[in-house]
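A quick write-up on the structure given underneath.
Below, all heavy atoms of this structure are taken into account, side chains as well, without hydrogens, waters or symmetry copies. We count ligands from 1, going down the list as the structure has it; atoms in each ligand are counted the same way.
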Amino acid sequence: MTVGNNIKAFRAQLPAHVTLVAVSKTKPLPEILEAYNAGQLDFGENRVQELMEKQGALPQDIRWHLIGHLQTNKVKFIVPFVNLIHSVDSEKLLAEINKQAGKANRIIPVLLQIFIAQEETKFGFSFDEAEAILKNNPSGKYSHVRIEGLMGMATNTEDRSQVRQEFRSLKSFIAHVQEKNPDFRTLSMGMTSDWKIAIEEGSNLVRIGSALFGDR
Ligand SMILES: *Cc1c(COP(=O)(O)O)cnc(C)c1O
């Protein structure tokens with residue numbers, strides 16, 4: 001199977017309301033172009049340097065998603081072109097994105113990354129921390145970011161019921177937030193190993209790498 005065929009086959013399995021972000025980290029330009037030529041426009045990268053190189057070299061209508069931990073000193077490099085930052089995991093980072101977006105005269109869509117896994121290595125806010133940020137934001141404090149949803153990663157485990165439970169907790173939190181913020185619509189959850197469960201539990205954006213491009 002080629003990457004283009006993988007993309008088409010994968011999209012055919014996805015419900016219409018679910019956005020596919022093709023995670024192209026570590027993958028070379030020709031493979032990304034093959035996916036693009038199969039109609040894929042949303043791509044995700046987790047490192048700023050790699051993202052910048054690829055953005056410069058590939059078609060300009062690609063919508064780039066930053067899905068990995070972002071250091072504040074690198075925000076300025078991606079702000080001119082990034083489509084959605086999934087991995088906002090501190091208020092300091094949110095403030096820096098707001099500042100740089102102001103300079104670039106942009107409003108950057110972002111997601112708050114929520115810590116739902118039982119793992120030490122995953123970044124993100126607790127539900128309480130996220131709620132506190134969302135309460136403060138309508139005052140216009142961050143006028144150059146648009147917080148439009150949440151991102152979460154489940155524990156990397158064979159225990160499907162645990163994964164399901166973690167996704168479900170995020171879905172119920174977003175439903176709670178949506179009561180007050182109706183434009184809060186993006187729920188980014190699900191990767192190659194767990195995207196089906198994620199969609200069953202309410203995801204509307206999946207981030208898929210290895211199922212499309214092969215193992216890294
Ligand atoms: C690498 C990565 C993915 C894709 O993982 P696959 O298992 O290859 O589908 C999704 N989300 C994040 C945050 C990643 O870093």
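- Screening residues 147-164 for salt bridge (Lys or Arg N to Asp or Glu O under 4.0 Å) gives R146-E148, E148-R185, R164-E200, R164-E201 as the qualifying pairs, with residues at least two apart or on separate chains.
- The backbone N or O of T157 sits nowhere less than 3.5 Å from a side-chain atom of Q162 that would complete a donor-acceptor pair.
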Please tabulate, for the side chains in residues 7-31, all donor-acceptor contacts under 3.5 angstrom to protein atoms that are two or more places apart in sequence or on a different chain.
| from | atom 1 | to | atom 2 | distance (Å) |
| --- | --- | --- | --- | --- |
| R11 | NH1 | Q40 | OE1 | 2.6 |
| S24 | OG | E45 | OE2 | 2.7 |
| K27 | NZ | D215 | O | 2.9 |

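- The closest side-chain donor-acceptor pair between E166 and Q118, if any, does not fall under 3.5 angstrom.
- Sorted by first and then second residue, the ring-ring contact (aromatic ring centres under 6.0 Å, His included) pairs with a member in residues 197-216 form an empty list; sequence neighbours excluded.
- Proximity of a side-chain donor or acceptor of E53 to a complementary backbone N or O of E50 within less than 3.5 Å is not detected.
- Closer than 4.0 angstrom to ligand 1 by heavy atom are V23, K25, I67, M153, M191, T192, R207, I208, G209, S210, R216, sorted by chain and number.
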